[in-house]
Amino acid sequence: QVQLAESGGGLVQTGGSLRLSCTASGRTFSNYAMGWFRQAPGKEREFVAAISRSGGRTYYGDSVKGRFTISRDNAKNMVYLQINSLKPEDTAVYSCAASVTSGVPIIPLNYHYWGQGTQVTVSS
């Protein structure tokens with residue numbers, strides 16, 4: 001089993017940046033592809049970004065391409081999400097997730113472990 005804990009959320013103005021972090025504990029971190037998802041009030045969970053086990057492959061949702069960057073440090077059991085040029089529509093709870101699936105899974109059902117999430121609020 002893997003335990004995940006996000007941090008780094010907060011209130012930021014439009015155009016600002018944040019760096020979200022996700023700490024993993026439990027089993028071997030490098031055995032898991034990692035992803036970030038977000039959910040805004042009244043909306044369905046949305047795929048944000050995913051990174052392969054080694055970090056060699058990444059994939060992004062269309063709404064965040066060019067603004068968000070996912071990365072990981074397997075030695076530190078960490079995955080990060082650098083979010084730039086924030087917009088009010090980026091306001092959501094951001095959650096990291098771990099998957100035993102190879103590649104860069106983008107469907108929530110392909111993820112097996114989830115963190116509690118961290119709130120990101122972008123003011124206009």
Side-chain angles (χ1 to χ4, degrees):
Q1 190 152 352
V2 176
Q3 292 79 43
L4 303 171
E6 303 91 340
S7 61
L11 174 64
V12 63
Q13 291 185 333
T14 296
S17 298
L18 284 173
R19 188 194 196 201
L20 307 184
S21 299
C22 175
T23 303
S25 60
R27 298 199 173 177
T28 306
F29 180 64
S30 58
N31 286 346
Y32 298 90
M34 298 297 296
W36 286 94
F37 291 80
R38 68 185 182 184
Q39 189 165 19
K43 295 188 176 181
E44 293 188 354
R45 182 178 287 168
E46 178 187 8
F47 168 75
V48 174
I51 189 166
S52 62
R53 296 168 181 172
S54 67
R57 292 178 59 194
T58 58
Y59 193 81
Y60 296 91
D62 289 340
S63 61
V64 306
K65 283 180 182 176
R67 299 188 297 123
F68 290 19
T69 303
I70 188 171
S71 61
R72 67 188 295 163
D73 186 336
N74 285 346
K76 295 183 178 180
N77 288 5
M78 298 285 294
V79 63
Y80 307 98
L81 186 69
Q82 179 67 41
I83 49 180
N84 299 325
S85 304
L86 278 160
K87 308 174 182 179
E89 51 264 42
D90 293 320
T91 295
V93 174
Y94 285 71
S95 300
C96 68
S99 172
V100 300
T101 305
S102 61
V104 281
I106 65 173
I107 300 173
L109 285 176
N110 285 340
Y111 284 85
H112 307 87
Y113 304 101
W114 293 82
Q116 293 296 312
T118 185
Q119 176 71 46
V120 172
T121 303
V122 185
S123 63
S124 57

Enquirer: If I compare all heavy atoms of S124 with all of T14, which pair ends up nearest, and what's the gap?
Expert: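 Looks like CA-OG1, 3.4 Å.
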Enquirer: Give a yes or no on whether L109 and Y59 share a hydrophobic cluster (residues Ile, Leu, Val, Met, Phe, Trp, Tyr; joining criterion: side-chain heavy atoms under 4.5 Å apart).
Expert: yes
Enquirer: Would you kindly confirm whether V12 and V48 end up in one hydrophobic cluster when ILVMFWY residues are joined by side chain heavy atoms under 4.5 Å apart?
Expert: yes
Enquirer: Can you pull the salt bridge (Lys or Arg N to Asp or Glu O under 4.0 Å) pairs that have at least one residue in residues 108-120, sequence neighbours excluded?
Expert: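 Listed by first then second residue: nothing to list.
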Enquirer: Mark yes or no for whether R57, through its side chain, and S52, through its backbone, hold a donor-acceptor pair below 3.5 Å.
Expert: no
Enquirer: Please check this pair: side chain of N74 against backbone of R53, looking for a donor-acceptor N/O pair closer than 3.5 Å.
Expert: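 Answer holds: yes.
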Enquirer: If you take all heavy atoms of T91 and A40, which pair is closest and at what distance?
Expert: O-CB, 3.6 Å
Enquirer: Which distance, rounded to the nearest 0.5 Å, do you find between the CZ of F68 and the CH2 of W36?
Expert: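 With rounding to 0.5 Å, CZ (F68) is 11.0 Å from CH2 (W36).
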Enquirer: Examine I106 and W114 and state if one hydrophobic cluster contains both, with Ile, Leu, Val, Met, Phe, Trp and Tyr joined whenever side-chain heavy atoms are less than 4.5 Å apart.
Expert: yes
Enquirer: Measuring from atom SG of C22 to atom CZ of R72, what distance do you get when rounded to the nearest 0.5 angstrom?
Expert: 10.0 Å
Enquirer: Which value, rounded to the nearest 0.5 Å, describes the distance between L20 atom CG and Q82 atom CD?
Expert: 8.5 Å
Enquirer: For the pair E6 (side chain) and C96 (backbone), establish whether a donor and an acceptor sit closer than 3.5 Å, ignoring hydrogens and angles.
Expert: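 Judged by distance alone, yes, a pair lies under 3.5 Å.
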Enquirer: Roughly how far, to the nearest 0.5 Å, is OG1 of T69 from CZ of R19?
Expert: 11.0 Å
Enquirer: Show every side chain to side chain donor-acceptor pair (under 3.5 Å) that has at least one partner inside residues 92-101, sequence neighbours left out.
Expert: R38-Y94, S99-T101
Enquirer: Ignoring hydrogens, what is the shortest heavy-atom contact between F47 and G61? Give both atom names and the distance.
Expert: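 Minimum heavy-atom contact is CE2-N, 3.5 Å.
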Enquirer: Just verifying a value: how many Å separate K87 NZ and S63 OG, rounded to the nearest 0.5 Å?
Expert: 8.0 Å
Enquirer: Report, as yes or no, whether the 6.0 Å neighbourhood of atom OH on Y113 holds more than 12 heavy atoms from other residues, nucleotides or ligands.
Expert: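 Yes - once you tally the heavy atoms of other residues, nucleotides and ligands closer than 6.0 Å, there are more than 12.
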Enquirer: Hey, does S123 have a side-chain heavy atom less than 4.5 Å from the side chain of L11?
Expert: yes
Enquirer: Which pair of non-hydrogen atoms, one from S17 and one from N84, has the smallest distance, and what is that distance?
Expert: OG-OD1, 3.0 Å
Enquirer: With clusters defined by side-chain heavy atoms of hydrophobic residues (ILVMFWY) lying less than 4.5 Å apart, directly or transitively, does I107 cluster with V100?
Expert: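 Per the 4.5 Å side-chain linkage, V100 and I107 are not co-clustered.
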Enquirer: Return the NZ to CZ distance between K76 and F29, rounded to the nearest 0.5 Å.
Expert: 12.5 Å
Enquirer: Any non-hydrogen side-chain atom of D90 less than 4.5 Å from a side-chain atom of V120?
Expert: no
Enquirer: Which atom names give the shortest non-hydrogen contact between S21 and Y80, and what distance separates them?
Expert: OG-CD2, 3.5 Å
Enquirer: If the condition is side chain to side chain contact (heavy atoms under 4.5 Å, CB included), which residues does K65 pass it with, not counting sequence neighbours?
Expert: Y60, D62
Enquirer: For a quick test of reading the model, state the closest non-hydrogen atom pair linking N110 to P105 and the distance between them.
Expert: CB-CB, 3.8 Å
Enquirer: Taking CD in Q13 as the centre, count heavy atoms belonging to other residues, nucleotides or ligands within less than 6.0 Å. Is the count above 12?
Expert: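 No, the 6.0 Å shell around CD holds no more than 12 heavy atoms from other groups.
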Enquirer: How are the rings of Y111 and F37 set relative to one another: parallel (under 30°), tilted (30 to 60°) or perpendicular (over 60°)?
Expert: perpendicular
Enquirer: Test side chain to side chain contact (heavy atoms under 4.5 Å, CB included) on V79 and I70 and set out the steps.
Expert: CA-CA 7 Å; V79 63; I70 188 171; 4.0 Å; yes
